[in-house]
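Note that ligands are numbered from 1 as they come in the structure, with each ligand's atoms numbered from 1 the same way.
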Amino acid sequence: MRLDDQIIVQHNRKSIQIHQSKFEFLKTQISDIELIISKLIDFQIAIPSWALGSGGTRFGRFAGGGEPRNLEEKIEDVGLMHKLNQSGNAISLHIPWDIPKDYQAIRNLASEHGLRFDAMNSNTFQDQKGQEESYKYGSLQHVNPKVKKQAIEHNIEVIKHGIELGSKSLTVWLADGSCFPGQLNFRTAFKNTLESLKEIYAALPADWKMFVEYKAYEPNFYSTTVGDWGQSLLYANKLGPKAFTLVDLGHHLPNANIEQIVSLLLMEGKLGGFHFNDSKYGDDDLTAGSIKPYQLFLVFNELIDGMDDCQMNHASDLGWMIDASHNVKDPLEDLLQSVEAIMIAYTQALLVDRKALRDAQLKNDVTRAQEILQDSFRTDVRPLVAEARLRAGGALNPIGLFRELNVRAELIRERGNETAATGL
Ligand code: RM4
Ligand code: MN
Ligand code: MN
């Protein structure tokens with residue numbers, strides 16, 4: 001389904017006046033508003049191909065109908081969302097779920113929708129039909145060199161697909177680890193994994209990055225071979241300058257101080273990418289900002305502080321991606337909500353008076369420091385985010401328009417009710 005520009009123009013006409021009055025009010029409070037708007041227009045978040053259908057849980061999957069049946073339809077869905085909010089100009093593919101049949105045709109389709117290909121993701125956490133060796137006891141860490149080899153070759157294959165599509169990075173997330181004490185030797189597992197990652201790293205083109213994603217637990221429940229940011233950083237440092245740590249918000253033990261992790265990784269020049277989602281308990285993969293919006297803001301606060309310190313470009317120097325997977329909401333509405341929450345947190349963090357904050361820190365004025373942060377967090381920046389979207393050609397109310405147009409019903413009409421997107 002494709003949207004005509006005119007539909008967006010008409011939709012915006014209906015609510016432009018009320019938007020303008022809210023925006024004018026905000027203007028009186030924020031001094032460098034134009035600079036912030038230009039940053040918001042530049043800031044883009046990649047959409048994972050596996051979030052476009054119902055995620056399900058190990059207990060069941062409740063599909064909502066009209067799910068994309070192939071890579072082409074996944075690109076169309078991301079294109080539609082980008083048309084609505086102008087903030088998600090990239091798609092991240094997971095191999096083998098999204099192997100393109102015709103690279104050129106897929107590239108053309110993506111560019112018709114104004115999309116590029118973000119990080120490529122490998123999958124050694126499931127066995128595929130016809131695969132010779134099993135990943136039941138791990139992949140890159142495996143004690144059997146044949147399994148390691150198969151997993152390494154798969155990752156190199158993923159890089160090759162990515163090169164054809166114009167991607168510039170590979171994300172390696174491993175389910176490797178153990179479920180019971182004694183099952184594996186931690187050091188052997190680490191060394192095997194490092195050895196395997198080195199071979200994959202050697203196959204990276206010069207202008208590519210490798211993101212080493214960590215996760216505290218699940219599907220392994222006793223140890224994970226890339227279990228936390230320390231372990232990921234060890235690998236990244238040992239691999240070389242093209243390897244970085246990737247932080248997925250849901251991959252920490254409860255109450256971890258993620259903002260501090262982000263800050264130190266940036267200081268070390270080793271933060272590479274981000275997976276946004278939210279959670280109450282673990283890797284819940286809920287909508288970004290739906291449970292802990294203050295944490296999301298604090299993470300962005302450190303991101304901006306650290307990136308500005310290293311003179312990094314907010315929009316292009318880190319990989320920004322959503323990584324979520326749902327069971328109960330319309331996946332497209334859910335992604336639109338996630339993007340909005342991310343944009344809000346980014347905007348609020350841009351408002352922080354950093355000079356005043358440093359001053360408060362130097363004086364140990366704890367109350368003032370808290371006031372400064374919460375003043376930004378409690379500012380309703382939604383009109384600012386909407387203004388940036390409007391100027392970029394998006395809809396003032398993306399979810400409102402999505403519903404007005406009955407997009408899901410239209411997708412069900414086109415694709416049917418029984419479709420299931422490849423993915424989780
Ligand atoms: C994992 C992890 C990875 C993603 C898979 C599907 O929990 O977050 O990034 O590729 O899920
Ligand atoms: Mn992830
Ligand atoms: Mn995850």
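Contact annotation: H251 places no N, O or S atom under 2.8 Å from the Mn ion (ligand 2). Counting backbone and side-chain atoms alike, D283 contributes an N/O/S atom closer than 2.8 Å to the Mn ion (ligand 3).
Of the angles at the Mn ion (ligand 2), the one spanning OD2 of D323 and OE2 of E213 is 160° when given to 10°.
At least one N/O-N/O distance between H94 and ligand 1 falls below 3.5 Å. Residue contacts with ligand 1: W173 is placed with no nitrogen or oxygen under 3.5 Å of a nitrogen or oxygen of the ligand (distance criterion only). Residue-to-ligand polar distances keep W97 apart from ligand 1: every N/O pair is separated by 3.5 Å or more.
At least one side-chain heavy atom of Q295 sits less than 4.5 Å from a side-chain heavy atom of I258. Looking only at side-chain heavy atoms (C-beta outward), L286 and N277 stay at 4.5 Å or farther from each other.
Shortest distance from the Mn ion (ligand 2) to H275 is reached at ND1 (N/O/S atoms only).
Aromatic ring centres of Y217 and H251: separated by at least 6.0 Å. The six-membered or imidazole ring of F276 lies near that of F300, with a centre-to-centre distance under 6.0 Å.
Every atom of ligand 1 is numbered from 1 in the order shown, and the set under 4.0 Å from a heavy atom of H251 is 2 (C), 7 (O), 8 (O).
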